[in-house]
Amino acid sequence: MGATMPQISVDYSAGLAGSFDRRALGLAINRLAVRTIDAKPEACKTLFRASDEFVVGESEGPDAQVFVEFQIFPGRTPEAKAALSEGVLALLAEHITPAPGTRLFTAVNIADIDRDAYRNAAAQG
């Protein structure tokens, strides 16, 4: 098993789909991971998933969310993880503009994955 971290998931409200370039954002997130947590470029894998529904409290208004989660091997300092989280929030603000009247919530989580339990595979078609 080679170095395959980080695994990056970007869950976003489907209504945002036309408002940002997912590939450009993914590349920017990958480059940030290389700079802040010393990830290898080829190890950064970013998956985008659209969510049809997003509900905040008792709000009736148009709300949207982008939630980014990193699964990384242990060993990064709290400072490096914080820098990565803050950098991702800045990238989200740079790349995504909500429609007028829509509240946009953004969040990032950096989680350590169990190195001993994690397995991966790749197949060439």
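Just so it is clear, the model here is predicted, and its values are computed rather than measured. Start at 1 with the first residue, then count along the sequence.
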When rounded to the nearest 0.5 angstrom, what is the spacing between [atom1] in [X] and [atom2] in [Y]?
{"X": "D38", "Y": "I72", "atom1": "CG", "atom2": "CD1", "result": "11.5 Å"}
{"X": "L92", "Y": "L16", "atom1": "CG", "atom2": "CG", "result": "10.5 Å"}
{"X": "H95", "Y": "T106", "atom1": "NE2", "atom2": "OG1", "result": "13.0 Å"}
{"X": "L27", "Y": "L32", "atom1": "CG", "atom2": "CG", "result": "12.5 Å"}
{"X": "L47", "Y": "R22", "atom1": "CG", "atom2": "CZ", "result": "11.5 Å"}
{"X": "L104", "Y": "Y12", "atom1": "CG", "atom2": "OH", "result": "13.5 Å"}

- [ ] Consider only side-chain N and O atoms of T46 and N30, and report whether a donor and an acceptor are under 3.5 Å apart.
- [x] yes

For [X] and [Y], work out which heavy atoms get closest and say how close.
{"X": "D52", "Y": "A14", "answer": "OD1-CB, 3.9 Å"}
{"X": "G101", "Y": "P62", "answer": "O-CG, 3.5 Å"}
{"X": "F70", "Y": "I29", "answer": "CZ-CG2, 3.6 Å"}
{"X": "E69", "Y": "A111", "answer": "OE2-CB, 4.3 Å"}
{"X": "C44", "Y": "I8", "answer": "CB-CD1, 4.5 Å"}
{"X": "S13", "Y": "A64", "answer": "OG-CA, 3.3 Å"}

Open item on the list: Is there a side-chain contact between D63 and Q65 in this structure, where contact means two heavy atoms from C-beta onward sitting under 4.5 Å apart?
Closed with: no

Open item on the list: For a 4.5 angstrom cut-off between non-hydrogen side-chain atoms, does F20 reach F48?
Closed with: yes

Task: Side-chain hydrophobic cluster, 4.5 Å single linkage: members besides V34 - done: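 Its cluster partners, ordered by chain and number, are none at all.
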
Open item on the list: Checking S19 against T97 for the side-chain contact (heavy atoms from CB on, under 4.5 Å) test, could you report, in this order, the C-alpha distance in whole Å, the side-chain angles of both residues, the deciding distance, and whether it holds?
Closed with: CA-CA 7 Å; S19 68; T97 303; over 6 Å; no

Please determine whether residues [X] and [Y] belong to a single hydrophobic cluster, defined as Ile, Leu, Val, Met, Phe, Trp and Tyr linked transitively by side-chain heavy-atom distances below 4.5 Å.
{"X": "F73", "Y": "L84", "answer": "no"}
{"X": "I96", "Y": "L89", "answer": "yes"}
{"X": "V108", "Y": "F54", "answer": "no"}

- [ ] Take atom CZ of R49 as the centre, draw a 6.0 Å sphere, and report whether it contains more than 12 heavy atoms from other residues, nucleotides or ligands.
- [x]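 It does: R49 CZ has more than 12 such atoms within range.
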
Task: Backbone N/O of D112 and side chain of R76: donor-acceptor pair under 3.5 Å - done: no

